[in-house]
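By convention in this document, chain letters (A, B, ...) are assigned in the order of the sequence lines, proteins followed by strands, and residues within each chain are numbered from 1.
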Amino acid sequence: MASLLRRLVDWARSRSPWMIHYCAACGAVEFPPLVMSPLDWERYGYMPVPSPRQADFVAGMGYLTRKTVKLMINLFRQTPNPKFVVAGCNCTATGGLYWDSYATYKRLDDFFTVSGWVPGCMPMPDDWTALITDLRRQIYEGLKGDKLKDAEEFIARVEEGERKWREEYFAKPQPPVNYAFKETYPECEERYERVKLCVTSVRRERLKTALAELKEKGFVLLSNIDAVDYPKNGVIELYYFVENKDDSSQVALKTFVPRSEPEIESVHDLYPNALFIEREVYEMMGVVFKGHPELRKWILDGNWEGPPPLRKDVDTATYVVKTFYGGDKYGR
Amino acid sequence: MAGRYTLYFGPQHPGAPGNVGFRLEMEGERVVRAELIPGFLHRGFEKMMENRKWENSYVLSYRFCVEDPDPFEVAYAEALDMVFKVDPPPKAKYFRMIQAEFSRIASHMFWTHFMLGSVGLRTPAYWALAAREEILKWFAWVTGHRIYHNFSVPGGIRSDVPQDFQSRTLDLTYRVEDLVKDVEKAVLGNRVFKRRTRGVGVIKGETALRLGATGPVVRGGGLAYDVRKLAPYERYDSVNFEVPVGEVGDAYDRALVRFREVHESLKIIRQAAMEVRPGGPYRVKIPLTAPPGRGYARVESARGEYTVHVTSVGGRSPYRVRFKSPSMPLLTTVLDYIIKNEEVTIADFPVVLASLDPCAPDIDR
Amino acid sequence: MVLSTIAEAVKYLFKRPYTRLVPAKTGPFKTDRMRGAHILDMSKCTGCSMCQQVCPANAIDMVEVPGQYPQNPRRRFPRIDLHRCTFCALCVEYCPFDALYMTSVTGFELYTRDKSTTLKSPVELSRGDYTLVTVKRDLYVTKEVKASG
């Protein structure tokens with residue numbers, strides 16, 4: 001009798017597996033076609049639910065950035081038993097195309113036991129149905145669900161290693177400046193007619209005055225700030241792309257900072273969105289913007305503890321292969 | 001209940017625009033400050049590009065924004081065309097336009113579904129997704145994949161188009177137009193939708209531009225600012241289309257602009273499809289090593305201007321690739337401006353977010 | 001008015017449903033150019049490792065296979081990790097001997113509970129179903145013109 005009841009419960013449960021509504025990565029873009037037209041999940045009782053406390057399974061949809069993994073562990077803890085973890089896409093399984101990315105963990109099964117894998121980059125809605133159908137079968141068979149592995153220790157170990165690397169990196173002496181630079185502003189030194197771009201150079205002391213002048217002339221939009229690292233020359237080149245509101249012509253102001261003292265004045269009072277672009281350049285390149293009110297880690301916060309990853313002498317690919325693939329870059 | 005308190009919104013929240021979070025400072029019902037918490041989707045593309053070679057780095061180039069991948073693909077292909085100093089055959093240029101415009105429509109339809117979710121009007125969202133599905137099927141038929149098409153490569157397009165390309169493409173534009181018209185009628189004429197969006201999230205075009213935003217947010221505010229017109233790339237100079245603009249710059253105007261843009265995109269596709277016939281050259285093979293130099297491309301994606309800056313010092317890999325994120329100003333400066341200048345309640349917050357149409361992965365990259 | 005939305009919705013009551021039947025009944029969605037799992041023609045592959053070089057995801061490793069292959073004296077063949085591959089078909093495009101194909105087999109067929117099964121050895125790759133081949137090299141490399149400048 002009890003076993004019959006047990007089977008009835010399993011049957012009922014298998015008819016309505018609910019997924020946590022969490023668009024973890026790019027794979028989530030194939031869910032609207034699956035949930036709504038044309039595949040209409042809900043006719044089978046599958047549903048995305050906002051709260052983990054009502055959910056039955058967590059789906060890994062693509063690359064696992066470190067911040068996302070911490071969040072997924074948290075979500076998984078809140079989900080009632082029995083709970084399942086399924087993995088779609090290739091990045092959840094082996095790191096996929098982002099095998100050399102410093103900000104992602106490579107395998108979902110480092111953190112959870114996983115009930116089903118569907119390969120693809122990205123899997124189509126039909127491919128996801130194969131996974132959900134099998135999950136349903138597994139629930140019906142009365143499996144106990146998936147478990148969390150001791151993930152915190154692994155995460156802490158990786159982050160500790162990176163912090164040490166960061167200290168070592170900044171303790172190293174910087175190469176001397178060996179760089180030819182000629183100020184050409186306001187004349188263009190390179191001109192690209194088709195994209196309406198004019199590249200001109202200015203010393204870093206005069207950068208802000210030059211930008212103020214350009215803003216007066218109608219270049220009100222700060223499009224982007226690019227930083228290019230040249231360790232051999234001992235400098236980091238900075239490009240400020242500003243755009244004219246009338247004819248959308250662009251000027252790229254080129255300047256440089258020495259790597260031994262990568263400091264430049266912030267331009268956020270001229271261009272409000274510089275606040276965030278500068279913050280990004282700071283964390284990725286290690287360029288310090290003087291006068292910036294809140295210069296801190298932002299995108300990399302929780303993702304990367306090591307030295308500024310976009311510096312040319314920071315070899316993240318080798319580090320990642322060593323740490324996550326055990327030295328074999330074709331491995332899993 | 002008055003008093004200030006902090007509320008975390010997202011990343012695991014149906015109203016959050018993808019995998020980003022916000023730290024909201026609240027005063028009773030009202031949001032007084034919203035701070036973006038990005039980084040949940042950061043993969044470090046700019047570093048990964050440096051580890052790839054010229055011939056395979058473009059596989060990464062379109063993965064910043066899953067909702068609207070093709071302008072990104074086209075932009076990177078264009079930037080590499082400039083580095084290698086090649087001129088793709090005209091057929092390839094027209095095809096890239098079709099690809100980018102279809103992607104824009106698909107993105108706007110995806111946005112419709114997202115926007116309607118946040119105002120609670122779910123029925124037309126199904127039709128919008130059907131229109132998107134038709135486009136994805138077309139992509140799978142021509143390029144071999146639904147989302148990541150991998151088709152605009154440096155030097156042209158990757159393969160020839162199928163035999164009945166023109167007729168099927170034109171047929172698709174009419175089918176999509178029918179669906180979009182239905183969605184438009186059901187959404188823009190709906191009183192509930194009007195009430196939820198009129199006067200919400202007002203920002204003028206010029207202000208938005210000064211804050212770093214481009215795209216429908218600027219055009220909804222009455223400024224006809226479009227890179228396709230102002231600095232035409234591919235063959236946008238040879239097709240007829242208009243740049244739709246709004247008046248007030250509220251969420252409703254942005255919706256209006258997006259729907260009108262879909263019709264303009266269909267117009268562009270119909271003109272460009274006339275120039276793409278099977279047969280004839282479609283690709284210039286690029287060499288394995290690049291000359292030193294600079295590549296720069298500007299395209300209009302569904303969320304605004306997108307730029308790529310490629311630095312080459314010769315050799316087999318890019319030295320540095322830098323992308324502009326069109327969504328980053330939307331969720332930082334523009335959102336700040338809106339919250340400071342009007343009373344945004346927590347119920348309206350998802351509407352404001354959705355009307356800006358940010359693409360979360362493209363903020364983090 | 002809200003009625004306009006309802007009127008449109010009523011119109012859709014009389015249209016054919018857009019919702020598809022389950023893939024298990026109608027078959028999953030595929031097209032003629034679908035980029036899916038690979039097939040390796042072991043009688044053509046010379047082990048030049050071009051596919052390994054060009055793969056952006058490092059999904060291809062060259063491994064040694066026992067047996068006699070006259071065109072491939074070192075007996076090195078690509079082993080493809082389908083759980084790492086990004087299905088960009090660059091390996092098919094760059095293969096100089098036309099030995100790799102792609103089929104319309106995607107995640108629907110490749111779904112597994114044990115992820116070690118998706119690491120395909122050369123012998124497993126060569127056992128694919130040739131009737132499902134969708135992408136061949138000639139799709140990508142016909143009618144190229146040389147760079148002028």
Portion of [X] that has a non-hydrogen atom of chain A nearer than 4.5 angstrom:
| X | value |
| --- | --- |
| B/P232 | backbone |
| B/L36 | both |
| B/E133 | side chain |
| B/E35 | side chain |
| B/H113 | side chain |
| B/V59 | both |
| B/Y319 | both |
| B/Y148 | side chain |
| B/F45 | side chain |
| B/A360 | neither |

Any side-chain donor paired with an acceptor under 3.5 Å for [X] and [Y]?
| X | Y | value |
| --- | --- | --- |
| A/E243 | B/Y225 | yes |
| A/Y102 | A/N303 | no |
| B/S327 | B/D362 | yes |
| B/R294 | A/Y239 | yes |
| B/Y296 | A/Q250 | yes |

Task: Interatomic spacing from CD1 in B/I363 to CD in A/E280 - rounded to 0.5 Å - done: 10.5 Å
Open item on the list: Could you measure the distance from the OH atom of A/Y179 to the NZ atom of A/K232? Nearest 0.5 Å is fine.
Closed with: 14.5 Å
Residue part contacting chain B, namely of [X], when any heavy atom lies under 4.5 Å:
| X | value |
| --- | --- |
| A/N74 | neither |
| A/N273 | both |
| A/V281 | side chain |
| A/Y230 | both |
| A/Y98 | both |
| A/P309 | backbone |
| A/L197 | side chain |

Using a cut-off of under 4.5 Å on heavy-atom pairs, state which of [options] scores highest against chain A.
| options | result |
| --- | --- |
| B/H13, B/R132, B/R63, B/E67 | B/R63 |
| B/R298, B/R365, B/M48 | B/R298 |
| B/A128, B/G39, B/A140 | B/G39 |

Most chain B-contacting option - heavy-atom pairs closer than 4.5 Å, from [options]:
| options | answer |
| --- | --- |
| A/I20, A/L64, A/I225 | A/I225 |
| A/K215, A/R66, A/M122 | A/M122 |
| A/C23, A/P32, A/A317 | A/P32 |
| A/C121, A/A28, A/G302 | A/C121 |
| A/D247, A/L275, A/L71, A/V69 | A/L71 |

Open item on the list: Between A/W298 and A/F276 (judged by ring centroids, cut-off 6.0 Å), do the two rings come close enough to count as a pair?
Closed with: yes
Any salt bridge linking [X] with [Y]? Criterion: basic side-chain nitrogen under 4.0 Å from a carboxylate oxygen.
| X | Y | value |
| --- | --- | --- |
| A/D100 | B/R52 | yes |
| A/E305 | A/K297 | yes |
| A/E294 | A/R296 | yes |
| A/K312 | A/E237 | no |
| A/D226 | A/K254 | no |
| B/R210 | B/E206 | yes |

Task: Close side-chain approach of A/W304 to A/E283, heavy-atom, < 4.5 Å - done: no
